[in-house]
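To start, the structure itself, in structure tokens.
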Amino acid sequence: MSTEQESGPVTLIAVLEAPVENTEEFIAGWSAHLEPMRTAPGFRGARLHRALRADHRFQLVAVADWASAADLAAAVAGEQGGPGAQKYAKTVHRGVYRVIGEVASGQQPDGAGVTMVNAFELPNERVEEFLGAWRPRAQRASESPGFVDFRMHQAVGDASLPLVNVAHYASVEAWKALQADPEFQARKAVNPPYATANPGLFEVVAEVAAEVV
């Protein structure tokens, strides 16, 4: 990894696997914990997403963006407590990621839109191989009506979820239309057998923006 990559932006992602107990309590605790971070050096904002379907494997996904790994490390070293994700979910996938691919259509949804999070499980050593199969369908998705943007995140080092894609669509209907697109389905069908995708639709239930000084 180059010096530029090492000093570049990072994203802290935490995924809470179902069942999640006392969800509303966790959301409130997450917001209270992140509020002091608004003025932390390098903090760029954070969002907490909740799955639209109660039966989705991953119920909560927290995404926090930082200017650098050093800024994140400094904030973690100085933080006091937190919502304690392990108290609310038996399985929590947590890691530091870098954005390795992103596309924005330049369009904005009329309303809140919808967030699609797809967390991939696969051997860490086969990530580059997998990305070769993923890129063609990502290209097709970016051309679909209602597509807003996506960011593919790759974990820094080994992780239980080596890749996490966060995408935005104008509406649930726009995302469903993409799933029904024959060409998208044909590209999706080449998903390697060693990888498991976990796509789901989410809503943002809490957000903390960096304070502008």
According to a 4.5 Å side-chain heavy-atom criterion applied to Ile, Leu, Val, Met, Phe, Trp and Tyr, with indirect links allowed, do [X] and [Y] form part of one hydrophobic cluster?
X	Y	result
Val172	Val204	no
Trp175	Leu52	yes
Leu122	Val190	no
Met152	Val103	yes
Val92	Val20	yes

Contact check, side chains of [X] and [Y], non-hydrogen atoms, under 4.5 Å:
X	Y	value
Thr115	Tyr169	no
Arg50	Ile27	yes
Pro199	Met116	yes
Thr91	Leu16	no
Gln59	Tyr88	no
Glu203	Val114	no

In sequence, state the C-alpha distance, the side-chain angles, and the governing distance for Arg187 and Gln139, and then conclude on side chain to side chain contact (heavy atoms under 4.5 Å, CB included).
CA-CA 10 Å; Arg187 298 185 186 188; Gln139 176 64 33; 4.2 Å; yes
*Which ILVMFWY residues are connected to Val166, directly or by a chain of links, through side-chain heavy atoms under 4.5 Å apart?*
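Joined to Val166, directly or through intermediates: Ile13, Val15, Phe58, Val61, Val63, Tyr97, Val117, Leu161, Val164, Phe202.
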Nearest heavy-atom pair of [X] and [Y]: which atoms, and what distance?
X	Y	answer
Ala209	Arg38	O-NE, 3.0 Å
Asp55	Arg53	OD2-NH2, 2.7 Å
Leu178	Ser144	CD1-CB, 3.9 Å

- Message: For the CG atom of Asp181 and the CD atom of Glu143, what is their distance to the nearest 0.5 Å?
- Response: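 Between atom CG of Asp181 and atom CD of Glu143 there are 9.5 Å.
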Distance col, row Arg47:CZ vs Asp65:CG, nearest 0.5 angstrom, shows 5.0 Å
Distance-only donor-acceptor hits, side chain of residues 127-138, under 3.5 Å, sequence neighbours excluded:
| unit_1 | atom_1 | unit_2 | atom_2 | d |
| --- | --- | --- | --- | --- |
| Glu129 | OE1 | Arg126 | NE | 3.1 |
| Glu129 | OE1 | Arg126 | NH2 | 3.4 |
| Glu129 | OE2 | Arg126 | NH2 | 3.1 |
| Arg137 | NH2 | Asn191 | OD1 | 3.3 |

task = Test side chain to side chain contact (heavy atoms under 4.5 Å, CB included) on Phe43 and Val208 and set out the steps.
result = CA-CA 10 Å; Phe43 178 71; Val208 177; 4.1 Å; yes
Tell me whether Lys188 is salt-bridged to Glu183, with the criterion being a basic N under 4.0 Å from an acidic carboxylate O.
no
Salt bridge flag under 4.0 Å for residues Lys90 and Glu17: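 Salt bridge: no.
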By the side chain to side chain donor-acceptor pair (under 3.5 Å) test, which pairs, at least two apart or in different chains, include something from residues 157-167?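 Qualifying pairs, neighbours excluded: His93-Ser160.
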